[in-house]
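Have a look at the structure below, then the notes.
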Amino acid sequence: MQIIRSVDELIGYVAMQKEHHHSIGFVPTMGALHAGHISLVERAVADNDSVIVSVFVNPTQFNNPTDLATYPRDEESDIRLLAKAGVNAVFIPTVEEIYPAGQQRDHEFELGSVSEVMEGKFRPGHFQGVAQAVSRLFELVRPDRAYFGEKDFQQIAVINEMVKSEGIDVEIIPCPIKREEDGLALSSRNQLLTEDQRRRAPEIYAALKYSVEYSKEHSVRATHDTVVERIDAIPEMKVEYFEIVDARTLLPVEEWEESPEIVGCITVYNGKVRLIDNIRYR
Ligand code: PAF
């Protein structure tokens, strides 16, 4: 596996792949890699001739400086896991390599209404920052396919909008959420949980799973409330939002019959750690 730290070296590497007509699969990450990331990498390895993974903690998508400062990092372990998974090249740039002219955006991305709800409401500027990093990485890596985890369900919808509005020729491949045996969705942020918080964290998915059964006999409103009440009753846990939405528009639904595709998206503070998860109802 080639370890690439500079934009110039990456451009050379990509040019060589294109010259050999190798298809490029790309997995953008912020490092602190876990089995969820590796499942994206494995899919990329299966689908493409060459796989590039980026490890870049993008400062412009953090609206909270403490969140950025405490974001877990472990380059040595990341490199080991990626080499073992059969990645061809890992790109580990500095902030200056990605944003040589500074971190301010040269334009606002058109991300549509899917960017305005949920994370868009609670993390102002977050998706503009994600679009800024991902569009820059796409420009450098020129992938045929790019792989994103469905834990960040809304992020995938936003990336699809960004790709459309920026006219980027790449196929976006969504990949299923990976969970611990106890149901907790894998996330780099799980490392930040105390022992007690980690023990209680699976309650998020337990409440979501229970709510799928519950939804068969109850209204959208009642299903919403049962999830929020159950999680809020757990020490140190507080639901920031739980929205039951049309999976295509991300707009809230009021009746189950309103859409053939419905997903519940949740964000929970477990102590100071912000965890997200989601579940399909339809
Ligand atoms: O999902 C992430 O890890 C990040 O938002 C991404 C896509 C790597 C952009 O920085």
Quiz item: Does the cation-pi check pass for Arg145 over Phe26, that is, NZ or CZ under 6.0 Å from the six-membered ring centre and within 45° of its axis?
Solution: no
Quiz item: So, Ser211 side chain and Thr223 main chain: donor-acceptor pair closer than 3.5 Å or not?
Solution: no
Exercise. Flag the pair Arg179 and Asp277 as a salt bridge only when some basic side-chain nitrogen lies within less than 4.0 angstrom of an acidic carboxylate oxygen.
Key: yes
Exercise. Taking all heavy atoms of Val273 and all of Arg189, pick out the closest pair and write down the distance.
Key: CG1-O, 3.6 Å
Exercise. Would you check if the side chain of Trp256 reaches a backbone N or O of His218 as a donor-acceptor pair within less than 3.5 Å?
Key: yes
Exercise. Would you please test Ile4 and Ile92 for side chain to side chain contact (heavy atoms under 4.5 Å, CB included) and show each step?
Key: CA-CA 6 Å; Ile4 299 175; Ile92 314 178; over 6 Å; no
Practice problem: Heavy atoms only: give me the nearest Leu33-Asp78 pair and the separation to one decimal. | Solution: N-OD1, 2.9 Å
Quiz prompt | N-O pairing of Arg230 and Glu203 below 4.0 Å | solution = yes
Quiz item: Any sub-3.5 Å donor-acceptor pair from Asp74's side-chain atoms to Ser77's backbone N or O?
Solution: yes
Exercise. Determine whether Val53 and Ile173 fall in the same hydrophobic cluster, where Ile, Leu, Val, Met, Phe, Trp and Tyr are linked whenever their side-chain heavy atoms lie under 4.5 Å apart.
Key: yes
Quiz item: Do side-chain atoms of Ser188 reach the backbone of Ala32 as a donor and acceptor pair under 3.5 angstrom?
Solution: yes
Exercise. Evaluate the side-chain proximity of Val163 to Phe138: yes if any heavy-atom separation is below 4.5 Å, no if none is.
Key: yes
Exercise. Given side chain to side chain contact (heavy atoms under 4.5 Å, CB included), test Phe242 with Cys265 step by step and report yes or no.
Key: CA-CA 6 Å; Phe242 175 48; Cys265 298; 5.9 Å; no
Quiz item: Are the charged groups of Glu42 and Lys178 less than 4.0 angstrom apart, N to O?
Solution: no
Quiz item: Of all heavy-atom pairs between Arg248 and Val114, which one has the smallest distance, and what is that distance?
Solution: O-CG1, 4.3 Å
Quiz item: Between Phe122 and Thr267, is any pair of side-chain heavy atoms under 4.5 Å apart?
Solution: no
Quiz prompt | Val245 and Val117, any side-chain heavy atoms less than 4.5 Å apart | solution = no
Quiz item: Salt-bridged, Glu110 to Lys164, with N to O below 4.0 Å?
Solution: no
Quiz item: Is it true that a side-chain atom of Asn278 and a backbone atom of Lys151 form a donor plus acceptor pair closer than 3.5 Å?
Solution: yes
Quiz prompt | N/O donor-acceptor pair under 3.5 Å between Glu258 side chain and Glu254 backbone | solution = yes
Practice problem: Give the minimum heavy-atom separation between Asn58 and Gly129, together with the two atoms involved. | Solution: ND2-O, 3.0 Å
Self-check item: Sidechain N-carboxylate O distance under 4.0 Å for Asp182, Arg198
Solution: yes
Quiz prompt | Close side-chain approach of Val141 and Leu10, heavy atoms under 4.5 Å | solution = yes
Quiz item: Val55 and Ile3: same hydrophobic cluster, using ILVMFWY side-chain contacts below 4.5 Å?
Solution: yes
Self-check item: His107 and Glu166: side chain donor to acceptor below 3.5 Å
Solution: yes
Exercise. Any chance you could lay out the side chain to side chain contact (heavy atoms under 4.5 Å, CB included) test for Met118 and Glu243, step after step, and finish with the verdict?
Key: CA-CA 8 Å; Met118 301 191 286; Glu243 298 217 3; 3.8 Å; yes
Practice problem: Determine yes or no for a side-chain-to-main-chain donor-acceptor pair under 3.5 angstrom, with Ser259 supplying the side chain and Ile262 the backbone. | Solution: no
Quiz item: Within the distance-only criterion (no hydrogens, no angle test), does the side chain of His20 pair as donor or acceptor with the backbone N or O of His22 below 3.5 angstrom?
Solution: no
Quiz item: Are any non-hydrogen side-chain atoms of Leu192 and Pro72 less than 4.5 angstrom apart?
Solution: yes
Exercise. Return yes when atom NZ of Lys272 has more than 12 non-hydrogen atoms of other residues, nucleotides or ligands closer than 6.0 Å, and no otherwise.
Key: no
Exercise. For Gln132 and Gln103, indicate whether the former's side chain and the latter's backbone hold a donor-acceptor pair under 3.5 Å.
Key: yes
Practice problem: Indicate yes or no for a side-chain donor-acceptor contact from Gln197 to the backbone of Thr194 under 3.5 Å, with no hydrogens or angles considered. | Solution: yes
Quiz item: Looking at side-chain heavy atoms only, is the closest gap between Leu250 and Gln154 below 4.5 Å?
Solution: yes
Exercise. State whether a side-chain donor-acceptor pair under 3.5 Å links Tyr147 with Asn48.
Key: yes
Exercise. Would you kindly say whether Asp49 and Ser23 are connected by a side-chain donor-acceptor distance under 3.5 Å?
Key: yes
Exercise. Tell me yes or no: between the side chains of Tyr214 and Thr226, is some donor less than 3.5 Å from an acceptor?
Key: no
Quiz item: Of the non-hydrogen atoms in Ser54 and Pro28, which two are nearest, and what is the gap between them?
Solution: OG-CA, 3.2 Å
Quiz item: Minimum heavy-atom separation for Val253 to Val220, with atom names?
Solution: O-CG1, 3.4 Å
Quiz prompt | Pair Arg274 + Glu119: basic N to acidic O under 4.0 Å | solution = yes
Exercise. Evaluate the side-chain proximity of Phe148 to Pro174: yes if any heavy-atom separation is below 4.5 Å, no if none is.
Key: no
Quiz prompt | Check: Asn190 and Leu275 side chains under 4.5 Å, non-hydrogen atoms | solution = yes
Quiz item: Can we say Asp67 and Arg123 salt-bridge, meaning some charged N sits less than 4.0 Å from an Asp/Glu carboxylate O?
Solution: yes
Self-check item: Side chains of Tyr13 and Asn88, donor plus acceptor under 3.5 Å
Solution: no
Quiz prompt | ILVMFWY network linking Leu137 to Met1, side-chain heavy atoms under 4.5 angstrom | solution = no
Self-check item: ring-ring contact (aromatic ring centres under 6.0 Å, His included) involving Tyr205 - partner list, sequence neighbours excluded
Solution: none
Quiz prompt | side chain to side chain contact (heavy atoms under 4.5 Å, CB included) evaluation trace for Val268 with Lys238 | solution = CA-CA 6 Å; Val268 178; Lys238 177 85 191 124; 5.9 Å; no
Self-check item: SB check Arg136 Glu139 (cutoff 4.0 Å)
Solution: yes
